[in-house]
Amino acid sequence: MLAAMVQFVRDVAPKFRQAVEQLPHLPRALTLVRQAAGRWTLAWAVLLVIQSILPVAVVLVTRRLVDSVVAATGAGTETIGIREPLLLAVVMASLLLASELTRALAQWVRTAQAELVSDHIRELIQERAAAVDMAFYDTPQYFDTLHRARFDAQTRPAALVESLGTLLQGGLTLIAMGAVLFGYAWWLPLILLLSTVPALFVVMQAIVRRHEWTVKSTMDQRRSTYFEFMQSTRETFAEIRLYDLAVHFRTSFTALRDRLRGERLDLARSEAGARVLAGLAGLTLLGASLVWMLLDALHGVISLGQLAMFGQAFLQGQRLLRSSLENLGQIYSNLLFLGNLFEFLELEPTITDPADPQNLPSPIRRGVTFRDISFTYPTSTRPALEHFSLDVPAGSTVALLGRSGAGKSTLFKLLLRFYDPDRGLIEIDGINIRHLRQADLRRHIAVLFQAPLEFSTTVSENIAYGDLEAGRDPENIVRALEAAGARSIIDRLSEGKDTMLGPWFGGTELSLGEWQRIALSRAFLRDADIVLLDEPTSAMDSWAEAEWLSAFKDHVRGRTTIVITHRLSTARHADLIHVLHDRRITESGTHDELLALGGRYAAAWRYQVGDS
Ligand code: ATP
């Protein structure tokens, strides 16, 4: 017996410690709820207090009612005796009605509160996702944390408050019921408490196991979503159909879900078994106590009214204790899962603004300089750039050429401070970009990325996102379209620049090259000193490229421009061309100079023009 008790304490102690460790999440969660729905929460708390008092009133009235009925029937004087029971019955009915009303009201308030809190948390998650470094997005850990924050924690703070409230309500009622029972015998409230201890242990253990399993299985949960995604989106349609991969992904999905469901059900089964045992222990104590009371009533120690009152109080007490226990379990579970949310909300960017930022001159006068840059992506072991240096004089157009993976796009990400280099520095007009506010730096740069976003909005909005202020003026939109050689695209669309694009909301679909030129218009809407273009003509045909090049030259005149391209027909128009090889610049010069040099550029030119 002693050994069993020692073992029990040993089992419970770590769970209890784990529960205590979660407590710091509690004030934080409450602050979240207060910020999101302070007044609703207050209203709800008031309703809870009312709800907690009503059952005790019902129990007390029950005793009076039974005793008055017994007295009335015993006395045989119906005219005198019937008035009190009738009055008490009306009071009882009013109390029960009030219970129903407050419950319905509380449910409505609680729905409003839960919606507000959930939306608030979604906003916080979005805010954090927008604040973290690009490097976070490179790791599966980030997506695991985001997945848990999104799917587990969003409803948890509101649920936590609800559990707290219900616990408070149940606790208040319980104390009152305990006082009633204490009137019968001091040990009765104690028996009530004891009968729920096994259930407490079971609940806590189940929650810890469930949470451990959730954390452990996050990547697999995400993988199953990935299998679903592969079979059900527009982006994946073509290759999945072509290679007939739907069955493959469905089979993988089913196998994975089978395993996850099996694990989850194993947990639920062992939890159910433990609950039955704990319930049996509680019921034994409850049954024994009721028999005791019944015997007392038979021996005339207590009246029938008292028997009804104590019996009701004890049964309700047991029910309340059990539900309070569930609530405690819920609170604990919510706190554990809230840890996931706070873990995500605590992610801090490592790339930050300087305390005392400098200002960039506008327009810039000297240009952009990369000095001895070395950089390895945080998730990689191979450097993307090593001792790389490049000078782009203000107002000039520089073309960067090089093999795939040479590190060209990485240069843009470093200049935009999506990552910081491990060595070396990047300067604009002699100012280290780390000394600039990030937003200020980025405002000076117009960029066309290799795979630009296709916004499911109108053409105008697609372009206006480049500069919301400038985008308000329709003339600016048209100018940007012309600079990007995209005017002819909107001329073909039924509603011109007001045409809705993209598949999300029933818009028109564009070709890859057309989307690219819309993205280019977006970049050109921004009146920036520095222009970065990553493969601007990759999806253009030769005619579109020729048309675009003349508009492009006009647009970038006087701006500092870097163009990454594999097309020598685009590169040859640059003031200076650099060839990147093995993470360094190996050739530099104008088109003619590089042809005369007879190196890689000249070889590529002969190959592309077919002049070999
Ligand atoms: P391409 O011409 O094909 O666009 P690129 O010259 O622009 O190539 P980068 O995109 O700069 O090449 O990539 C340089 C190297 O860095 C490549 O080896 C690539 O695998 C690696 N790399 C790029 N992005 C990441 C990343 N987010 N995490 C880890 N490694 C990366």
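Both ligands and their constituent atoms are indexed starting at 1 by order of listing.
- Donor-acceptor pairing under 3.5 Å is recorded for the side chains of T369 and D391.
- Using the six-membered ring where Trp is involved, Y137 and F143 have ring planes that are perpendicular, over 60° apart on the 30 and 60° scheme.
- For ligand 1, the protein residues placed under 4.0 Å by at least one non-hydrogen atom are D138, Y377, T379, R382, A384, R403, S404, G405, A406, G407, K408, S409, T410, K413, Y419, Q450, H566.
- Under the 3.5 Å distance criterion, with hydrogens and angles disregarded, a donor-acceptor pair is assigned to the side chains of E509 and W515.
- When the shell of 6.0 Å around CD of E475 is examined, it contains 12 or fewer heavy atoms from other residues, nucleotides or ligands.
- Inspection of the D133 and T350 side chains reveals an N or O donor paired with an N or O acceptor under 3.5 Å.
- Ring to ring, F229 and F227 are not that close: their centroids are 6.0 angstrom or more apart.
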